2 protein chains.
Amino acid sequence: MSTPRKHAIRPATLEAIVEAAIRLLNVNAGATMSEIAARAGVGRATLHRHFRTRNDLVRAIGLRCIEEMNAAVRGGQDAGKPAVDRLRSMFRAVIPMGDRYSFLSLESADDAGVRQGYRAQLQWVAALVEDLKIQGDIAADVPTPWAVAQIDQLVWTGWNGIAEGYLTPDEASELAVGTLLRGLHGEARPHA
Amino acid sequence: MSTPRKHAIRPATLEAIVEAAIRLLNVNAGATMSEIAARAGVGRATLHRHFRTRNDLVRAIGLRCIEEMNAAVRGGQDAGKPAVDRLRSMFRAVIPMGDRYSFLSLESADDAGVRQGYRAQLQWVAALVEDLKIQGDIAADVPTPWAVAQIDQLVWTGWNGIAEGYLTPDEASELAVGTLLRGLHGEARPHA
DNA sequence: TATATTTGATACACTAATGTCTCATTCCTG
DNA sequence: CAGGAATGAGACATTAGTGTATCAAATATA
């Protein structure tokens, strides 16, 4: 649908377009086809050749990011490990890529496919939260949507800390886990 | 600057425009002058009469929201009370109005005045965080920007919980305080 | 009620962005 | 190295939004 019939695409061209689009759309959700083309070092006509409309492009990028995020999250997961470890490795995988995903919750949310993919992600997190509750890492009376939202936000906060230079990726992940489960008060360490 | 000379404005008209703009811009940062006018029940020409350009309007709305937020935050504050109480009353004041402020961190951030006002807010929160550290409510080794970001996010998460119907304003504030200081693990309650 | 002034509606010029098309050039592939 | 295909550059029509101007109607104020 988004890929016209006649023209094939050169891998390098596609890669350049996708990367440029991800970078730009995350910074400026209203980025222009001209801007994206320029950033990709590609003619504007080439964009339209492979993504007929701007919406097609945004949708394709959104789906790609979801997929990427999916792979990152599920990649380092060992179902046998305790829920806390799974939480930690999820943070480790996703936080450093925060600048590629932040736009998922913004503009592209008006596309059905992307929205569905994003919801699937949130449900995956919700399942993790349930496991954390079973293990006693999260109190049973905490609303699951609250915990999910909190985790979602911590990813962004973590990436932001890295981007601003006051955290390393490892520190960010540790801080995220600690903040989620134990808060910012220092002394209570149920898992120490 | 943003208020042309010749025409005065009727209070009701101004109020309608401001409210419509706040509502729309928070939902869709790219809302159109026509959309805002329609929502305000006002002619598009009237918008341009009092806010020469769209940027003027967005800036005015941004500044107004900052001011509103300022008033809400500082209103219920008693400098004599402990830092935790000040944190709580801040949440109580700001969370229910989350849907009016969310756009401050988005589009209007490209205006110098709004950006400055927003930074001032964050610095106010930073000062509160320092107090919380002194009182031992937040561990001294937690980076202040991390705590500030966390508080900022909790406002949004709290409002979201209210909007989605699984929290009352009071529950949201309590949950925010608890999550910030003690995390989601149930048993460790340093302040209980 | 009479007057002044804001407002609404409409028309207009202008701009920026989208999407289509063509053609010369460049790049792969055989 | 030749043929075929993708690309870059540019022209073009179209659309949507902005900002200006005008004038009749509604509204406030005296």
Side-chain angles (χ1 to χ4, degrees), chain A residues 1-62 64 103 106-108 110-111 114, chain B residues 1-63 103 106-108 110-111 114:
Chain A
M1 303 301 165
S2 64
T3 316
R5 31 192 161 244
K6 178 102 192 216
H7 290 274
I9 190 171
R10 290 209 259 260
T13 304
L14 176 59
E15 191 51 29
I17 291 176
V18 167
E19 272 304 305
I22 291 180
R23 295 288 174 78
L24 280 179
L25 289 175
N26 271 296
V27 171
N28 168 21
T32 264
M33 292 296 263
S34 302
E35 292 172 316
I36 296 173
R39 173 73 162 260
V42 144
R44 188 172 67 92
T46 301
L47 251 64
H48 280 101
R49 246 188 287 264
H50 303 295
F51 305 91
R52 201 148 44 77
T53 73
R54 185 180 183 279
N55 271 350
D56 285 338
L57 175 57
V58 173
R59 183 184 326 139
I61 297 301
R64 170 135 176 174
F103 91 113
L106 300 180
E107 185 192 32
S108 54
D110 56 1
D111 176 77
V114 175
Chain B
M1 305 300 168
S2 64
T3 316
R5 31 194 161 244
K6 178 101 192 223
H7 290 274
I9 190 171
R10 288 209 259 260
T13 305
L14 177 60
E15 192 51 28
I17 292 175
V18 168
E19 271 305 304
I22 291 179
R23 295 288 172 78
L24 280 179
L25 289 175
N26 271 296
V27 172
N28 168 20
T32 264
M33 292 297 263
S34 302
E35 291 172 315
I36 296 173
R39 172 72 162 263
V42 144
R44 187 172 66 92
T46 301
L47 252 64
H48 280 102
R49 247 188 284 268
H50 303 294
F51 305 91
R52 200 149 46 77
T53 72
R54 184 178 184 281
N55 271 350
D56 285 338
L57 175 58
V58 172
R59 183 184 325 139
I61 297 300
L63 291 174
F103 90 113
L106 299 179
E107 186 193 34
S108 53
D110 56 2
D111 176 76
V114 176

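Computation of the quantities below employed the complete heavy-atom set of this structure, encompassing side-chain atoms and omitting hydrogens, waters and symmetry-equivalent molecules. The model shown is predicted, which means the values in this text are computed figures rather than measured ones. A, B, ... follow the sequence lines: proteins, then strands. Residue 1 opens every chain.
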**Request:** Output all residues satisfying side-chain contact (heavy atoms from CB on, under 4.5 Å) with B:E19, sequence neighbours left out; order by chain, then residue number.
**Result:** B:E15, B:I22, B:R23, B:R100
**Fill in**
Exactly one candidate in A:I61, A:V18, A:L57 meets side chain to side chain contact (heavy atoms under 4.5 Å, CB included) with A:I36; the answer is A:L57
**Asked** salt bridge (charged side-chain N to carboxylate O under 4.0 Å, His left out): which pairs involve residues 30-46 of chain A, sequence neighbours left out?
**Response** none
**Message:** Assess the residue pair A:N28 and A:L24 against the criterion (side chain to side chain contact (heavy atoms under 4.5 Å, CB included)); give the C-alpha distance rounded to whole Å, side-chain angles, the decisive distance to 0.1 Å, and a yes or no.
**Reply:** CA-CA 6 Å; A:N28 168 21; A:L24 280 179; over 6 Å; no
**Request:** Take the protein atom CZ of A:R49 and the nucleotide atom C1' of C:dT26, then report the distance between them rounded to whole Å.
**Result:** 12 Å
**Asked** Is the closest side-chain heavy-atom distance between A:V27 and A:F103 below 4.5 Å?
**Response** no
**Item:** OP1 or OP2 of D:dT7 under 4.0 Å from side-chain N/O of A:H50
**Value:** yes
**Asked** Distance-only, no hydrogens or angles: does the A:D111 side chain make a donor-acceptor pair with backbone N or O of A:R59 under 3.5 Å?
**Response** no
**Message:** Is any side-chain heavy atom of A:F51 closer than 4.5 Å to one of A:I17?
**Reply:** yes
**Fill in**
A correct 5'-to-3' footprint of nucleotides 11-20 of chain C, with B, S and - meaning base, sugar-phosphate only and no protein heavy atom under 4.0 Å, is B-----SBBB
**Complete:** When the rotation axes relating C1' atoms of four end pairs to the next four are compared across the helix from C:dT1-D:dA30 to C:dG30-D:dC1, five pairs an end, they differ to 10° by 40°
**Message:** I want to check one thing: is the phosphate of D:dG8, taken as OP1 and OP2, less than 4.0 Å away from some side-chain N or O of A:T46?
**Reply:** yes
**Request:** Can you sort out which residues in residues 10-23 of chain A have a heavy atom within less than 4.0 Å of DNA chain D? Ascending by number, please.
**Result:** A:R10, A:T13
**Item:** Shortest non-hydrogen contact between A:L47 and A:M33, atoms and distance
**Value:** CD2-O, 3.5 Å
